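Input: a single structure, listed below in structure tokens.
Just so you know, these numbers come straight off a predicted model, no measurement behind them. Counting starts at 1 for both ligands and their atoms, in listed order. Along the sequence shown, the residues carry numbers beginning at 1.
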Amino acid sequence: MTSNATHDDLAPIRESVRALCANFPGEYWRRLDRERAYPEEFVAALTKAGFLAALIPEEYGGSGLTMTAAAAIMEEIQASGCNGAACHAQMYTMGTLLRHGGTEQKKRYLPAIARGELRLQAFGVTEPTSGTDTLSLRTTAVRDGDHYVVNGQKIWTSRAEHSDLMLLLARTTPREQAKSRTAGLTVFLVDMRTAKNKGLTIRPIRTMMNHATTEVFFENLRVPAEAVIGKEGEGFRYILSGMNAERILIAAECIGDAKWFIQKATAYAGERVVFGRPIGQNQGVQFPIARAYIGMRAAELMVREAAALYEAGRDCGAEANMAKHLAAEASWAAADMCVQTHGGFGFAEEFDIERKFRETRLYTVAPISTNLVLSYIAEHVLGLPRSY
Ligand SMILES: Cc1cc2nc3c(=O)[nH]c(=O)nc-3n(C[C@H](O)[C@H](O)[C@H](O)COP(=O)(O)OP(=O)(O)OC[C@H]3O[C@@H](n4cnc5c(N)ncnc54)[C@H](O)[C@@H]3O)c2cc1C
């Protein structure tokens, strides 16, 4: 597959990611998928190579790369057939600490995160009853001397079992007493190494793909007051400010997935002979592949635009949302096309297509669902009335 996308100045980074990923072929992911096991070796290799510290500034020991470079890393991981969902949060969750944390907190945590000694992979926002309506979350943190006492439950807290730290959003002021609709929520950097069995319980949730997601229960968990990031009550704003990075990077992963599906389908359509000719000679087979390619390229341009705005320090809320939306739709369309192109073999484990198909399905739902992206564009870009 030829595309401008591979001819940019990030070619050396792309090549080294690809070289690393070549050590983790389909058999590796298939075995883990069967066992629902965590890709420890893969995550360790990415960490050791410094890829997961791409966005940590050099002064804190990271690589200080741009969002465009970080997006290229995530894209190449997916385009190589690997699964960055096992560790993508290590790249962007630290952004909340970087932008809103105190000097001491940053010095204490960021260099250790950059060295891979501390894993900040868990992001505890979603709850079973509040869902997308984050402002109605029910987990509370009540001040008690130099601690807060946390009670409540999170759901879909991915990688909690494979992380040392969790960025937790909890309510510190009851909703009816908060000074505004969005005030009263606070972000904590919870050290799960000391919290486990002292009020923090993690239970894995088995899902249709291998995603290491969990539900997390807090029962009178005592969290030191110095774990608060920024100001008490301002947490919702801090979490929102990190979401653009998350959306851009996950959009880049979807672009990588789409490229993988398109490459697989193209290769197969060229070699599979039925009725005495390659199936790819039939327009009925070619056109869906071409359509998927066009969709991927259009989404890729939006990802680049969002990343460029992000690194220029400009508002990129609309572009980050649109990039995530277009890229998630493009990867899902490419996945469906790839199964169809392979006929029965699309369903066979050893082709990896059914696994990637299950994995990429997530992204029209998480980290934000399609409807909520559409609501954002309707309200904030088009000026239509707020619908919820
Ligand atoms: C595998 C996986 C991993 C995840 N990892 C994390 C994580 O690490 N940390 C974390 O905090 N969360 C995580 N999530 C949660 C994820 O962000 C949410 O599932 C997602 O935002 C949707 O929320 P919900 O599941 O509560 O759906 P709901 O909010 O219950 O919505 C259900 C459906 O209704 C639609 N809907 C709801 N309200 C409206 C409305 N007003 N208008 C139109 N449509 C509406 C939604 O679009 C959706 O399709 C993960 C989820 C999954 C499945």
Side-chain angles (χ1 to χ4, degrees), residues 33 36 38 43 83-96 119-139 150 152-171 185-190 192 202-218 235-236 238-240 242-247 249-251 253-254 257 320-321 324-325 328-329 331-332 355-380 384-388:
D33 186 61
R36 289 294 188 272
Y38 190 71
V43 176
N83 189 2
C87 51
H88 51 202
Q90 179 86 358
M91 218 184 229
Y92 55 74
T93 309
M94 65 80 212
T96 305
R119 298 164 303 170
L120 173 49
Q121 292 263 24
F123 185 54
V125 174
T126 310
E127 298 191 358
T129 53
S130 56
T132 308
D133 182 8
T134 306
L135 293 174
S136 68
L137 62 76
R138 292 189 190 171
T139 297
V150 181
Q153 185 196 341
K154 296 290 173 183
I155 194 166
W156 310 121
T157 313
S158 301
R159 303 160 299 273
E161 295 172 294
H162 307 283
S163 185
D164 302 307
L165 305 169
M166 176 200 290
L167 206 66
L168 169 71
L169 187 67
R171 185 159 283 286
L185 297 173
T186 300
V187 175
F188 296 86
L189 189 62
V190 177
M192 293 195 288
I202 304 171
R203 283 198 207 134
I205 306 176
R206 216 178 144 87
T207 56
M208 69 190 255
M209 69 296 190
N210 185 19
H211 196 87
T213 199
T214 72
E215 53 185 343
V216 178
F217 299 85
F218 305 92
F236 184 66
Y238 302 157
I239 291 289
L240 280 189
M243 286 182 168
N244 289 335
E246 180 183 53
R247 280 168 206 175
L249 290 171
I250 289 183
E253 289 179 64
C254 291
D257 277 345
N321 272 293
K324 148 59 183 77
H325 176 74
E329 298 260 311
S331 71
W332 178 234
R355 170 178 64 80
K356 292 280 277 181
F357 175 93
R358 287 181 279 117
E359 287 169 358
T360 213
R361 181 64 185 86
L362 177 63
Y363 299 116
T364 59
V365 172
I368 181 168
S369 62
T370 297
N371 281 0
L372 270 291
V373 171
L374 297 174
S375 298
Y376 179 94
I377 299 301
E379 183 186 342
H380 297 284
L384 290 165
R386 186 179 171 82
S387 64
Y388 55 91

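For a threshold of 3.5 Å applied to N or O pairs, the pair formed by N371 and ligand 1 contains at least one separation below that value. Of the polar atoms of S375, none of the N or O atoms is found under 3.5 Å from an N or O of ligand 1, judged by distance alone. Considering backbone and side-chain N/O atoms, S369 comes within less than 3.5 Å of an N/O atom of ligand 1. Polar contact check, T132 against ligand 1: a nitrogen or oxygen pair lies under 3.5 Å apart.
Protein heavy atoms are absent from the 4.0 Å sphere centred on atom 32 (C) of ligand 1. Distance check on atom 53 (C) of ligand 1: some protein heavy atom falls below the 4.0 Å cut-off. Inside a 4.0 Å radius of atom 42 (N) of ligand 1 there is not any protein heavy atom.
Considering all non-hydrogen atoms of both residues, A328 and C254 come closest at CA-SG, 3.8 Å. The shortest heavy-atom contact between P128 and I155 is N-CG2, 3.6 Å. Closest approach of S163 to Q121, counting heavy atoms only: OG-N, 2.8 Å. In this structure, Y92 and E246 approach most closely via the heavy-atom pair OH-OE2, 3.3 Å.
The protein non-hydrogen atom at the shortest distance from atom 38 (N) of ligand 1 is L372 CD2, 4.2 Å. Atom 2 (C) of ligand 1 has its closest protein heavy atom at L362 CD1, 3.8 Å. The protein heavy-atom contact nearest to atom 12 (N) of ligand 1 is T126 OG1, 2.7 Å. Of the protein's non-hydrogen atoms, the one nearest atom 20 (C) of ligand 1 is V365 O, 3.5 Å.
Below 30°, between 30° and 60°, or above 60°: for H162 and Y38 the angle between ring planes is below 30°, a parallel geometry.
Residues M166 and V216 have side chains in contact (heavy-atom distance under 4.5 Å, counting atoms from C-beta outward). Looking at heavy atoms from C-beta onward, L189 lies in side-chain contact with L120 at the 4.5 angstrom threshold.
If you look at M209 next to ligand 1, the close heavy atoms, those under 4.0 Å, all belong to the side chain. Contact annotation: for W156 versus ligand 1, heavy atoms closer than 4.0 Å belong to both the backbone and the side chain.
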Self-check item: Test log, rule side-chain contact (heavy atoms from CB on, under 4.5 Å), inputs R358 and D33
Solution: CA-CA 11 Å; R358 287 181 279 117; D33 186 61; 2.8 Å; yes
Quiz prompt | Verdict with reasoning, T214 to E161, per side-chain hydrogen bond (donor to acceptor under 3.5 Å, both in side chains) | solution = CA-CA 8 Å; T214 72; E161 295 172 294; over 6 Å; no
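Remark: distances from the non-hydrogen atoms of T207 to ligand 1 are all 4.0 Å or more.
For the residue pair D257 / S331, no side-chain donor-acceptor distance below 3.5 Å is found, with atom types taken as modelled.
For ligand 1, the atoms sitting less than 4.0 Å from at least one non-hydrogen atom of S158 are 3 (C), 4 (C), 5 (N), 6 (C), 7 (C), 8 (O), numbered in the order shown with element in parentheses. Set against the non-hydrogen atoms of F123, the atoms of ligand 1 under 4.0 Å away are 7 (C), 8 (O), 9 (N), 10 (C), 11 (O). Per-residue contacts place V125 under 4.0 angstrom from the following atoms of ligand 1 (heavy atoms of the residue considered): 11 (O). Remark: ligand 1 atoms within the under-4.0 Å shell around heavy atoms of G131 are 26 (O), 29 (O). Distances below 4.0 Å separate heavy atoms of P367 from the following atoms of ligand 1: 17 (O), 21 (O).
In this structure, CG in L135 is found 4.0 Å from CZ in F236, a value given to the nearest 0.5 Å.
Summarising the contacts of atom 16 (C) of ligand 1 with G124, A122, A366, the nearest heavy atom is found in A366.
The environment of R138 atom CZ is sparse: at most 12 non-hydrogen atoms of other residues, nucleotides or ligands sit within 6.0 angstrom.
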